[in-house]
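Worksheet for the structure shown next.
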Amino acid sequence: MKFLRGLNPQQRAAVEHGAGPLLLLAGAGSGKTRVITCRIAYLLKLTEVPAESLLAVTFTNKAAREMRERVLELAGRKAATGVTVSTFHSFCVQVLKEHIHRLGYRKRFSIYAAADQLRLIKDLLERLDTGGRRLDADRIQWIISDAKNRLISPEQFTVPYADEYQLAAAELYPRYQKALKGFNAVDFDDLIMLTDRLFRECPDVLRQYQQRFQYLLVDEYQDTNAAQYGLLRQLAAGHGNLCVVGDDDQSIYGWRGADLGNILEFERDFPGTTVIRLEQNYRSSGNILNAANAVIQKNQKRKEKQLWTSDGPGASIELLACVDEEDEAERIIERIRLEQFKGRSWRDFAILYRTNVQSRVFEQQLRYNDIPFVLVGGQQFFDRKEVKDAIAYLKVLVNPFDEINLLRILNYPRRGIGATSAERLIQSASERGCTLWEVLRDPAVAGVNDQARAALALFVRLLDTYRYRFRESGDLTSCCRELFVDLDLEGEIERTTNDLIKAARRKEFVREVISALEGYQQREGRPTLDGFLDKVSLLDDEREDAEKKQDEHAVTLMSLHSSKGLEFPVVFLVGVEEDFLPHRKSIDETFDIEEERRLCYVGITRAREQLVLSHAGERLKYGKALKREPSRFLEEIPPELLDQLESESSNPASEEQKDAIAGDFFSKMGSLLDD
């Protein structure tokens, strides 16, 4: 078959593997996506495995889309139609849509994003006796999320030590979960935890999926947590046809719950595993790979592998020793201008850093030099207030028991239902043991005034009307547009925003919600409002944002965590210093230097042709200049791979080149002035 041509011996062995567990240790840039898609095509075309028997799981929507498209291209639409290619969370949503009633939920549940979760936790915190101390809701949210990622239920959650946040989480976790169920809602972590519970408590449901999916393929396996591992183990029980692809050297999400042990102990957990190492790199030059190998080999907890390339050593790695952060930014931007003058595009460059706070000086210098750039990790579209307000209406139309979003829209746009009335409604629901929605239908029992009662009657009537219209109409987009007009969302934005430019931008974001729904409606064969909301809830965050922004013709600024899975011709890995990389927290608190070293390895292997490392001799902190030490990771790179450039004596641009750059700059400015 054509798709087998060009595979190296290890890749081909992986593609042609028969039954039984398979562990592919795929180093950075080793063509793992090609291998996993070719394996699916091989199973479909040459072993005649039915398409419906294949389940491929990855972590981002973009990765799932690309994998699906590639499989269709390799195997042909006829053979590949029916293959399930999905993210973990999307797969679990489909399972729960069918069977969540077995766990005591209604079928049409809401999925709470991080902001909804945080608001609920804050509400619960207000009712908790904390001895007058203000506790950070984000931290408690993280503790609960971590417990769910380790499949620890509220009943099983115990406090390992007498920490005030652990104690607060122990009290709030059961209340939080009870509230979610009362709102017929689940959070992101519940999607996997509840699916795992469903499979354990309902063997007939598990058998249904085991019999359907005879071959499982998992990408980025090093990023799986305990809940995802438990899910896969249940699905693979019996046939054992589990193929996982991953790189333990790129396991950098331990703080999100990713368990490195899942990949390191795979052979123990799945006896009879075939292990294949993909070590030939098709991305980076030899010097870059040699530096990456030298750093990562210092880790003890890893599977042995050595990246190599047939393309030669390439350019030396530059090491910039800078005076301070301003000097670091100026020299790197000067280097970018020089390379762009030589013919590179702005999109060829990436500036990578360990912490987001490091981006400030680079943003300033890029703006000063009129260089286009994108900053990955800014506010996401669906996180904007006006967008969340609009989406909240759609969520309540699907699930009126969703109390968090119901309260969000209760007096938005303002309709005369103040905080006092809202409190009485909530208290009445609590006393009567019913839902807030039921109280809204009969607000007299809550003792609200006549004005609020009249406003609530109109509010309930509007929601009932549009719930019926969305259900009966075939045109979701028109219904949504009419709903937003009836609500006068744009008028409310104008009334509450003093700046006309900001108001115009916020109104445009509301219109973009309608456009997003229209796009969904055009793509889906049988579009539904709850289907659209599922898509919105399952959108990837920073990683998807990074992949989108890479397409822009601009220099990319991003954290090392955001850069995973991406590649650039020229990479500047900045702030390679103690307390940044490795981060101080890893030195003083977690003692996990190995994950920091993996993070450094990820940064190095993002570079295709040129890699520049930099560190500063001092940095300002709270207005005071503090001495900095180069990272221990720099000492692990063989000196012969590095061109060390000191700030006082080195300048990557010659005087002629600098004159040419300046001449080009002033020529452009002259043209602009003439215009």
Side-chain angles (χ1 to χ4, degrees), residues 89 111-181 183 185-193 223 225-228 251-260 354-358 377-380 382-383 385 388 403-404 407-408 537 541-543 559-562 579-580 582-592 595-596 599 621-622:
H89 292 96
I111 302 171
Y112 274 13
D116 296 326
Q117 299 169 39
L118 193 61
R119 185 170 177 180
L120 176 54
I121 289 172
K122 285 179 178 177
D123 289 345
L124 294 171
L125 256 179
E126 289 178 3
R127 305 171 209 168
L128 187 70
D129 182 9
T130 60
R133 282 187 55 79
R134 290 180 62 85
L135 296 181
D136 182 4
D138 285 285
R139 189 166 169 185
I140 292 172
Q141 181 183 11
W142 183 88
I143 294 171
I144 293 173
S145 174
D146 181 63
K148 291 186 177 187
N149 286 334
R150 291 185 287 124
L151 292 178
I152 298 173
S153 68
E155 298 75 25
Q156 297 167 324
F157 187 81
T158 56
V159 179
Y161 45 87
D163 173 85
E164 61 181 341
Y165 278 94
Q166 293 283 340
L167 291 168
E171 281 200 58
L172 285 182
Y173 186 9
R175 302 183 195 182
Y176 170 73
Q177 207 61 19
K178 183 179 179 181
L180 280 177
K181 192 169 184 180
F183 303 157
V186 300
D187 65 22
F188 219 54
D189 300 312
D190 281 332
L191 293 175
I192 296 174
M193 187 177 183
D223 293 337
N225 58 34
Q228 290 157 339
S251 179
I252 59 172
Y253 297 117
W255 52 281
R256 285 186 187 172
D259 187 349
L260 181 63
R354 175 63 178 85
T355 64
N356 287 318
V357 71
Q358 293 171 259
Q379 188 178 31
Q380 307 295 304
F382 285 102
D383 285 339
K385 179 188 181 301
K388 288 196 286 189
E403 189 169 304
I404 291 295
L407 286 170
R408 184 181 189 96
S537 298
D541 51 13
E542 198 167 305
R543 289 175 68 175
S559 71
L560 286 167
H561 284 101
S562 299
D579 296 348
F580 272 163
H583 194 273
R584 170 158 292 282
K585 185 178 266 191
S586 72
I587 300 171
D588 296 342
E589 298 179 24
T590 65
F591 312 109
D592 193 357
E595 179 152 327
E596 293 293 304
L599 203 51
K621 188 171 184 180
Y622 306 126

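Only a predicted model underlies this, so the values are computations on that prediction, with no experimental measurement involved.
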Self-check item: By side chain to side chain donor-acceptor pair (under 3.5 Å) - contacts of Asn225 (at least two apart)
Solution: Asn149

Quiz item: Hey, what do you get for CG (Asp187) to CG (Leu118), rounding to the nearest 0.5 Å?
Solution: 12.0 Å

Quiz item: Quick one: CG on Leu260 to CD1 on Ile252, what's the gap to the nearest 0.5 Å?
Solution: 12.5 Å

Self-check item: Interatomic spacing from CG in Leu135 to CG in Leu125 - rounded to 0.5 Å
Solution: 6.0 Å

Quiz item: What are the two closest non-hydrogen atoms of Pro174 and Ala169, and how far apart are they?
Solution: CD-O, 4.4 Å

Self-check item: Heavy-atom pair of closest approach, residues Phe183 and Tyr112
Solution: CD1-OH, 3.5 Å

Self-check item: Donor-acceptor pair, side chain of Tyr253 and main chain of His561, under 3.5 angstrom
Solution: yes

Practice problem: Only counting residues at least two apart or in another chain, list the ones meeting side chain to side chain donor-acceptor pair (under 3.5 Å) with Thr355. | Solution: Gln358

Exercise. Identify, with sequence neighbours excluded, every residue that meets salt bridge (Lys or Arg N to Asp or Glu O under 4.0 Å) alongside Glu596.
Key: Arg354

Exercise. Kindly indicate, with the supporting measurements, whether the criterion side chain to side chain contact (heavy atoms under 4.5 Å, CB included) is fulfilled by Glu595 and Leu599.
Key: CA-CA 6 Å; Glu595 179 152 327; Leu599 203 51; 5.8 Å; no

Quiz prompt | Side-chain donor-acceptor pair present, Asp190, Gln177, cut-off under 3.5 Å | solution = yes

Exercise. Show your reasoning for whether side chain to side chain contact (heavy atoms under 4.5 Å, CB included) applies to Tyr173 and Lys148.
Key: CA-CA 10 Å; Tyr173 186 9; Lys148 291 186 177 187; 3.3 Å; yes

Self-check item: Inter-residue atom distance Arg408.CZ - Ile404.CD1, 0.5 Å rounding
Solution: 10.0 Å

Exercise. Using the test side chain to side chain donor-acceptor pair (under 3.5 Å), find all partners of Asp146 that sit at least two apart in sequence or belong to another chain.
Key: Arg150

Exercise. Give the C-alpha distance, both sets of side-chain angles, the deciding distance and a yes or no for side chain to side chain contact (heavy atoms under 4.5 Å, CB included) between Ser153 and Met193.
Key: CA-CA 9 Å; Ser153 68; Met193 187 177 183; 4.1 Å; yes

Self-check item: CD1-CD1 distance between Ile143 and Ile121, expressed to the nearest 0.5 angstrom
Solution: 9.5 Å

Exercise. Name all pairs fulfilling the salt bridge (Lys or Arg N to Asp or Glu O under 4.0 Å) condition that reach into residues 166-176, sequence neighbours left out, sorted by first residue then second.
Key: Glu171-Arg175

Quiz item: What is the distance from atom CG of Asp259 to atom CG of Asp223, rounded to the nearest 0.5 Å?
Solution: 11.5 Å

Quiz item: Does the side chain of Tyr165 reach to within under 4.5 Å of the side chain of Asp136, using non-hydrogen atoms?
Solution: yes

Quiz item: Mind checking what makes side chain to side chain donor-acceptor pair (under 3.5 Å) contact with Gln117, not counting sequence neighbours?
Solution: Gln141

